[in-house]
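Remarks on the structure that follows.
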Amino acid sequence: MQIFTTKHDLKDALAPSRAEGKSIGLVPTMGALHEGHFSLIRQALMHNHIVVVSLFVNPTQFGENEDFSTYPRTLEDDCAMLEKLGVHAVFAPTAGEMYDSTIEQMNAVDGGLSRTRIVPGDIAQKYEGALRPIHFSGVCLVINKLFNIVRPDRAYFGEKDYQQVAIVRQMVADLDIPVEISACPIERDDSGLALSSRNRYLTPAQRKQATCLYEAIVLAQSDVAKGRTNSADIIKDVVSYLTNRCPEEFKIGYVAIVDTVTLEPLAAITNEARLLISVELNGVHLIDNAQLCA
Ligand code: AMP
């Protein structure tokens, strides 16, 4: 496995494989890897000759008061695990390399406004986008850059970040980016908690509390299985479950039932209904989601 820190070296290394007609799979990550990431990587390894994993805590997708500086960075451990998995190349640039200047330099000039931005459509304004206004624009920017640097045939994303996958699909369609997007199911621990690098911020007691996201999903699914079809009723159930379970340290960001593809709210349950939940637990931002019909 080769580890690249510059765009130039990575591009050079991939060129011969591409010329030989080998397929390239890309798994973009922010590192602090866990089984959720590995499931994407295993898919990529199954379907491509070459797999590139990027490890980059992207500053442009973090708001001012978010956890950019404290986000876990575990490069050595990550690389050791990626090597074991059989990944071919790791791309771990600095922010300066990725953006051709440090964020401080960009901001010192004009707040970064002279730079090209990617403005995703309405699909990015709600849910996570409403809570984190610059987040998806930053995600789209870095994903675009990674696509241009790696030029992958396929790129792998987790349904854990359900809105992100929908936005990336939309961007790829709208901008005619020649890449196939693959969405992989959510990996959970034994308690049902969706794996996330941010779970490292939680104490064991908080981790236990955080399982109420999954319990709320199961509750909504059982509501639907019992024949309930009114989204507002189900949302009410979920909200009251979450509030009762964790009245003190919990802040609900949103609970929504949406169409799987458009992410528009659904008044009534259909086969395409997806439940999206976001909460803050002691300042830690947690999200989860699931299909409501089996
Ligand atoms: P991140 O490092 O958090 O930016 O995540 C990198 C990729 O891994 C994203 O496409 C995530 O959706 C995906 N991912 C993160 N956690 C999980 C999980 N528990 N199950 C499946 N995919 C995940």
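Counting starts at 1 for both ligands and their atoms, in listed order. Owing to the predicted nature of the structure, the values given are computational and were not obtained by experimental measurement.
Relative orientation of the Phe147 and Phe157 rings is perpendicular, given thresholds of 30° and 60° on the angle between their planes.
Side chains of Thr70 and Asp67: no donor on one and acceptor on the other come within 3.5 Å. A donor-acceptor contact closer than 3.5 angstrom links the side chains of Asn58 and Tyr99.
For atom 18 (C) of ligand 1, the nearest non-hydrogen atom from the set Ala183, Ser54, Gly36 comes from Gly36.
For Lys7 (side chain) and Glu97 (main-chain N/O), a donor-acceptor pair under 3.5 Å exists by modelled atom type. Of the possible donor and acceptor atoms, one in the side chain of Ser197 sits under 3.5 Å from a partner among the backbone N and O of Ala32. Under the 3.5 Å distance criterion, the side-chain polar atoms of Arg151 are left unmatched by any main-chain donor or acceptor of Ala15. In this structure, Gln163 contributes its side chain and Lys126 its backbone to a donor-acceptor pair below 3.5 Å.
Ligand-side atoms of ligand 1 in range of Phe157: 10 (O), range being under 4.0 angstrom from any heavy atom. Atoms of ligand 1 found under 4.0 Å from any heavy atom of Met30, numbered from 1 in the order shown, are 1 (P), 2 (O), 4 (O). Those atoms of ligand 1 with a heavy atom of Leu195 less than 4.0 angstrom away are 16 (N), 17 (C), 18 (C), 19 (N). The atoms of ligand 1 that sit less than 4.0 Å from any heavy atom of His34 are 15 (C), 16 (N), 17 (C). Counting the atoms of ligand 1 from 1 in the order shown, those under 4.0 Å from a heavy atom of Ile186 are 20 (N), 21 (C). Within ligand 1, counting atoms from 1 as listed, the ones closer than 4.0 Å to a heavy atom of Pro185 are 20 (N), 21 (C).
Between Asp161 and ligand 1, an N or O atom pair is found at a separation short of 3.5 Å. Close N/O approach between Gly158 and ligand 1 is found [any backbone or side-chain N/O within under 3.5 Å].
With a 4.0 Å heavy-atom cut-off, ligand 1 is reached by the side chain of Leu40 but not by its N, CA, C or O. With a heavy-atom cut-off of 4.0 Å, Arg188 does not touch ligand 1 at all. Of all the heavy atoms of Ser197, none lies under 4.0 Å from any atom of ligand 1, so neither backbone nor side chain is involved.
Residue, atom and distance of the protein heavy atom nearest to atom 17 (C) of ligand 1 are Lys160 CB, 3.6 Å. Protein heavy atom nearest atom 5 (O) of ligand 1, with residue, atom name and distance: His37 NE2, 3.4 Å. The nearest heavy-atom contact from the protein to atom 20 (N) of ligand 1 is Glu187 N, 2.8 Å.
The shell of residues lying under 4.0 angstrom from ligand 1, judged by heavy atoms, excludes Arg198. Ligand 1 has at least one atom lying under 4.0 Å from a heavy atom of Pro28.
Smallest separation of non-hydrogen atoms from Lys160 and Asn289: O-ND2, 3.2 Å.
The side chain to side chain donor-acceptor pair (under 3.5 Å) with His285 is formed by just one residue from the set Glu280, Arg198, Glu128, Glu66; it is Glu128.
Under the 4.5 Å side-chain criterion, counting only non-hydrogen atoms from C-beta, Leu263 is in contact with Tyr162.
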